[in-house]
Asker: 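I have a structure here, written as structure tokens, and I will follow up with some questions on it.
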There are 2 protein chains.
Amino acid sequence: MAQALRFRQAPSPLKASCHQCSLSNLCLPLAVQDNDLDRLEDIVQQGRIYNRGEHIFDQSTQFRSCFAVKSGSIKTSIITESGEEQVTGFFMPGEIVGLDSMSSEAYACTAKALERTSVCEFPVEKLEELTGKLPDLQHHMYRLMSQEIQNSHQLAMLLSKNTAEERIASLLLSLSSRFQRRRMSPTNFSLPMARNDIANFLGLAVETVSRVFTRFQNQGIIRARGREVELLDVEALQLVTREFSRQGCQQ
Amino acid sequence: MAQALRFRQAPSPLKASCHQCSLSNLCLPLAVQDNDLDRLEDIVQQGRIYNRGEHIFDQSTQFRSCFAVKSGSIKTSIITESGEEQVTGFFMPGEIVGLDSMSSEAYACTAKALERTSVCEFPVEKLEELTGKLPDLQHHMYRLMSQEIQNSHQLAMLLSKNTAEERIASLLLSLSSRFQRRRMSPTNFSLPMARNDIANFLGLAVETVSRVFTRFQNQGIIRARGREVELLDVEALQLVTREFSRQGCQQ
DNA sequence: CGTCCAAATTGATGCAAGTCAAATGGGTAC
DNA sequence: GTACCCATTTGACTTGCATCAATTTGGACG
């Protein structure tokens, strides 16, 4: 069965079909004219399927490619010499992993599959060559990287200025809108990551994350059982994220 | 005197000379072959001089250019609707400001001169056109942006995992090595930013920054009077930043 | 040279979130 | 089904840093 699946997914293991991919409105093809799509397909490699917990790459791997999430989800984290971990992001289908490594010989972070996950691989050497020829694609790469800087600044802001409740509300809303953009329910989804990962990402202790979840639940803002989450009152959540700012206003 | 200076700095106000610039081993020219340097000069504009506190751009400005610091220094920060500020970075001569805005119509942050500061301006439209023709320059842009993502991740890590002392030690060491790369003393320099900016950047209260400075001083690690700082014991500082990790090791 | 205001320092107190400890739940393999 | 392990939750206690308040310092300017 597993073998059959593998055959079905990768009839020609080295080439992916962007034309037929349902993510072409999110992923790199978004920036490529239809008649140039072949050139992108030429350099994309259909990556293999990773089971939950498997590494797509880690900080000891030589940097060679960026990856687009095709299905499933990925968490990236920096791991210090002493084994200390800092989760730097969660990636959903259509999002690109590895942009932070383009200045280094080795990957700048470790990427781990949070569930059964498939990816497409873009060898950077070929990708750079192609972006040199396709201005729109180059522009899109700049956009993506710039967006990632902004995201990271937002995270820094969250970490340095916001309370535990505000951080968690922000994360839930971010996930919600990202699910929505992928045509999934924005109010009813299953968290791809463990409480531990949430805690690490948001600079909190696991216990605090757990407590905030139950607090939100008692207030009727969300319903959570394990990884299944239902947002019962999105406005209330938005209010939580803004509460901090509103106080600033009143002063 | 001020006028004479202005004339000397900008004989032809629209064109900068990368050939003669002392920062050519730090800034964008770093990635450009000598015989292509003219093409970079063609698109660079000599920016004006900003006094301390003046804005180079802010979040209401339409995004048009990236800027290289020529002399002086710049701080960038995000300002929320409610006026809350988060400092996202400090920039020294040769460093590029504005890379986080390449995905947006308006600048993603506000850039303010921390002292008398001059800049070179790179209009993005022309810059993108040029990077399409010069693969090395394109590669360098990817490197710069990727480096900025990494820096921001490091900041997030600092904010979420490290104590006040560790954060401040890290900042001092970062400044030290950046001064050194610019052929200035790595142990004896003047902070371009106020305590307030340091506090905001590191997610601390001003009072905490002040206390840590005096603590370091009492321990004989640094000497600080106002913005003048002398690092008396660099190894001790490095030890402070690593203390956290070392504890992780012992477990 | 004194005046004024912002920046920096120092001290006292409170709280949000971390830490430690223990109980509960849920998933997986045998 | 049941045993095991890891993830999650809950409770009790501790603490680093924020906050509030009061000086002190220092630079800009008339």
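The figures here come from the full heavy-atom set of this structure, side chains too, leaving out hydrogens, waters and symmetry mates. Sequence lines set the chain letters: A, B, ... in the order given, protein chains first and strands last, and positions in each chain run from 1.
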Asker: Specify the separation, in whole Å, of atom CG of B:N218 and atom P of C:dT9.
Answerer: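 Whole-Å distance recorded here is 12 Å.
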Asker: Tell me, please, which residues at least two apart from A:L232 pass side-chain contact (heavy atoms from CB on, under 4.5 Å).
Answerer: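 Partners of A:L232 by the side-chain contact (heavy atoms from CB on, under 4.5 Å) criterion, ordered by chain and then number, come out as A:R223, A:E230.
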Asker: Out of C:dA8, D:dT8, C:dT10, which nucleotide sits closest to the side chain of B:T214?
Answerer: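 Comparing C:dA8, D:dT8, C:dT10 against the side chain of B:T214, the answer is C:dT10.
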Asker: Side chain of A:R195 only, heavy atoms from C-beta on: which candidate in D:dT8, C:dG18, C:dT10 is closest?
Answerer: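 For the A:R195 side chain, the nearest candidate turns out to be D:dT8.
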Asker: Starting at CZ of B:R167 and ending at C1' of D:dA18, how long is that distance when rounded to a whole Å?
Answerer: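 To the nearest whole Å, that distance equals 12 Å.
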Asker: How long is the gap from CZ on B:F201 to NZ on B:K75, to the nearest 0.5 Å?
Answerer: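 So the CZ of B:F201 and the NZ of B:K75 are separated by 12.0 Å.
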Asker: In this structure, how many angstroms lie between the P atom of D:dT8 and the CG atom of A:N200, rounded?
Answerer: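 Whole-Å distance recorded here is 13 Å.
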Asker: Report the distance from atom CG of A:L202 to atom P of C:dA17, rounded to the nearest whole Å.
Answerer: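 Those two atoms, CG and P, are 12 Å apart.
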Asker: Is B:R182 salt-bridged to B:E95, going by a charged N under 4.0 Å from an acidic O?
Answerer: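 Yes.
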Asker: Please give, in whole Å, the distance from D:dG26 C1' to B:R227 CZ?
Answerer: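 In whole Å, D:dG26 C1' and B:R227 CZ are 12 Å from each other.
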Asker: Let me know, please, whether A:V206 or B:A224 comes out on the 5' side of the other along DNA chain C by nearest nucleotide.
Answerer: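 Looking at DNA chain C, the more 5' nearest nucleotide goes with B:A224.
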Asker: Does B:R64 CZ have over 12 foreign heavy atoms under 6.0 Å away?
Answerer: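 No, the 6.0 Å shell around CZ holds no more than 12 heavy atoms from other groups.
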Asker: Look at atom CZ of A:R52 and say whether more than 12 heavy atoms of other residues, nucleotides or ligands are closer to it than 6.0 Å.
Answerer: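 It does not: A:R52 CZ has 12 such atoms or fewer within range.
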Asker: Just how far, in rounded Å, is P of C:dA7 from CZ of B:F213?
Answerer: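 Distance, rounded to whole Å: 16 Å.
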Asker: Could you run down the sub-3.5 Å N/O contacts of the protein with nucleotides 19-22 of chain C?
Answerer:
| residue | atom | partner | partner atom | Å |
| --- | --- | --- | --- | --- |
| C:dT19 | O4 | A:R211 | NH2 | 2.9 |
| C:dC20 | N4 | A:E207 | OE2 | 3.0 |

Asker: Is A:K112 salt-bridged to A:E85, going by a charged N under 4.0 Å from an acidic O?
Answerer: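 Looking at A:K112 and A:E85, the cut-off is not met.
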Asker: Need to verify one output field. Residue with the more 5' nearest nucleotide on DNA chain C, B:A194 or A:R215?
Answerer: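 It is B:A194, whose closest nucleotide lies nearer the 5' terminus.
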Asker: Rounded to the nearest angstrom, tell me the gap between atom CD in A:E166 and atom P in C:dA16.
Answerer: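 Result: 12 Å.
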Asker: In Å and rounded to the nearest 0.5 Å, what is the CG to CG distance from B:L204 to B:L159?
Answerer: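 Separation between the atoms: 8.0 Å.
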Asker: Nearest whole Å is fine: how far is D:dT24 C1' from B:R225 CZ?
Answerer: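 Computing the B:R225:CZ to D:dT24:C1' distance gives 15 Å.
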